[in-house]
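All values below were derived from every heavy atom in this structure, side-chain atoms included, with hydrogens, water molecules and symmetry-related copies excluded.
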Amino acid sequence: MALAIFTLTTYAQGYAGGGMTFWYNDKDNRTTIAFTPEIGYRASKRFAFGVSLGYRHNKEKETRSDVYSVAPYIRHYLYSLNELDLLWDGIIEYSYTDTRNNGHGNTIGIGVKPGISYTINKHFCITAHIGFIGYRHCDRKAITEENTPGLGLRLYNELNFTFHYHF
């Protein structure tokens, strides 16, 4: 037990960060605002775990929706070269969608998100994920362009960047 505690505390690094989106499409009269704060703990050189929270507001013409999400993950760093890391996140996603004109619905998913991380300096890094490999189940009222049910590999609308501060 002492060896396990020593191993976890010798490399341990907490981190916090996240991403945000603001997009307005004049032609379609569509606005999207999203915030995705994230907090995690890097337990070793190869493993980290954390949780990402999210809020997204969409407005398209007369339809408005709010999406609240939580996504705990385990991150495995596959390969490191200087400041560059190849990684994947094993993730469980849950989101609640409230569409003002159409009711509400839930989405749950489980899968893997491959990514890459670049360490800028001792405290800052940027991480990018592309794609989702796994399964998502959505209530009919929770289905959106970004949120569809199914099993497989999805690369469309699945690129995101997050910034992290390591403390």
Between Ser44 and Arg46 (side chain of the first, backbone of the second, donor and acceptor by atom type, cut-off under 3.5 Å), is there such a pair?
yes
Spell out, yes or no, whether Leu86 and Phe132 are grouped together once hydrophobic residues are joined by side-chain heavy atoms under 4.5 Å, including indirect joins.
no
Close aromatic pair by centroid cut-off 6.0 Å: Phe124 and His166:
no
Single-linkage hydrophobic cluster Leu53~Ile74, side-chain heavy atoms < 4.5 angstrom
no
If you group Ile, Leu, Val, Met, Phe, Trp and Tyr by side-chain heavy-atom gaps below 4.5 Å, do Ile108 and Tyr68 land in one group?
no
Under a 4.0 Å N-O cut-off, is there an ion pair linking Arg75 with Glu38?
yes
Around atom CZ of Phe161, are there more than 12 heavy atoms of other residues, nucleotides or ligands at under 6.0 Å?
no
Grab the two heavy atoms, one from Cys125 and one from Thr127, that are nearest each other, plus how far apart they are.
SG-OG1, 4.1 Å
Taking Leu87 as the starting point, is it possible to reach Ile130 by hopping between hydrophobic residues whose side chains are less than 4.5 Å apart?
no
Which residue is it: Tyr165, Phe163, Phe167? I am looking for the one with a ring-ring contact (aromatic ring centres under 6.0 Å, His included) to His123.
Tyr165
Cation over ring face, Arg42 and Tyr77, 6.0 Å, 45°
yes
Do Ile120 and Tyr118 have side chains that get closer than 4.5 Å, going by heavy atoms?
yes
Would you mind reporting whether Pro149 and His137 have side-chain heavy atoms less than 4.5 Å apart?
no
Are Ile91 and Val112 close enough that some pair of their side-chain heavy atoms sits under 4.5 Å apart?
no
Evaluate whether atom NE2 of His57 has more than 12 neighbouring non-hydrogen atoms of other residues, nucleotides or ligands under 6.0 angstrom away.
yes
Between Arg56 and Ser69, is there a side-chain heavy-atom distance shorter than 4.5 Å?
no
Regarding Asp89 and Lys113, does a basic nitrogen lie under 4.0 Å from an acidic carboxylate oxygen?
no
Within the 3.5 Å criterion, strictly below it, is a donor on Asn106 or Tyr94 matched to an acceptor on the partner's side chain?
yes
Flag the pair His76 / Phe47 as yes when their ring centroid distance falls below 6.0 Å, and as no otherwise.
yes
Could you go through Tyr79 and Asp85, starting from their C-alpha distance and side-chain angles, then the distance that decides it, and tell me whether this counts as side-chain contact (heavy atoms from CB on, under 4.5 Å)?
CA-CA 6 Å; Tyr79 179 75; Asp85 294 310; over 6 Å; no
Measuring from Ile33:CD1 to Asp66:CG, what's the distance to the nearest 0.5 Å?
10.0 Å
Heavy-atom closest pair (Ser52 atom, Thr36 atom, distance to 0.1 Å) is OG-CB, 4.3 Å
Side-chain heavy-atom pair Phe22, Thr32 within 4.5 angstrom cut-off
no
Connected via hydrophobic side-chain network under 4.5 Å: Met20 and Trp23:
no
Is it the case that Tyr73 and Glu93 place a side-chain donor and acceptor less than 3.5 Å from each other?
no
Of all heavy-atom pairs linking Ala48 and Tyr15, the shortest is CB-OH, 4.0 Å
Within-4.5 Å side-chain heavy-atom neighbours: Ile39 and Val51:
yes
State, yes or no, whether a side-chain contact exists between His104 and Thr99 at a heavy-atom distance under 4.5 Å.
no
Nearest-0.5 Å distance that lies between atom CG in Asn58 and atom CZ in Arg64:
11.5 Å
Walk me through it: do Tyr55 and Phe35 pass the test ring pair (Phe, Tyr, Trp, His ring centres under 6.0 Å)?
CA-CA 5 Å; Tyr55 170 74; Phe35 300 98; 7.0 Å; no
Closest approach of Ser95 to Val67 (non-hydrogen atoms, all atoms of both residues):
CB-CG1, 4.0 Å
For atom CD1 of Ile126, decide whether the heavy atoms of other residues, nucleotides or ligands shown that lie under 6.0 angstrom number more than 12.
yes
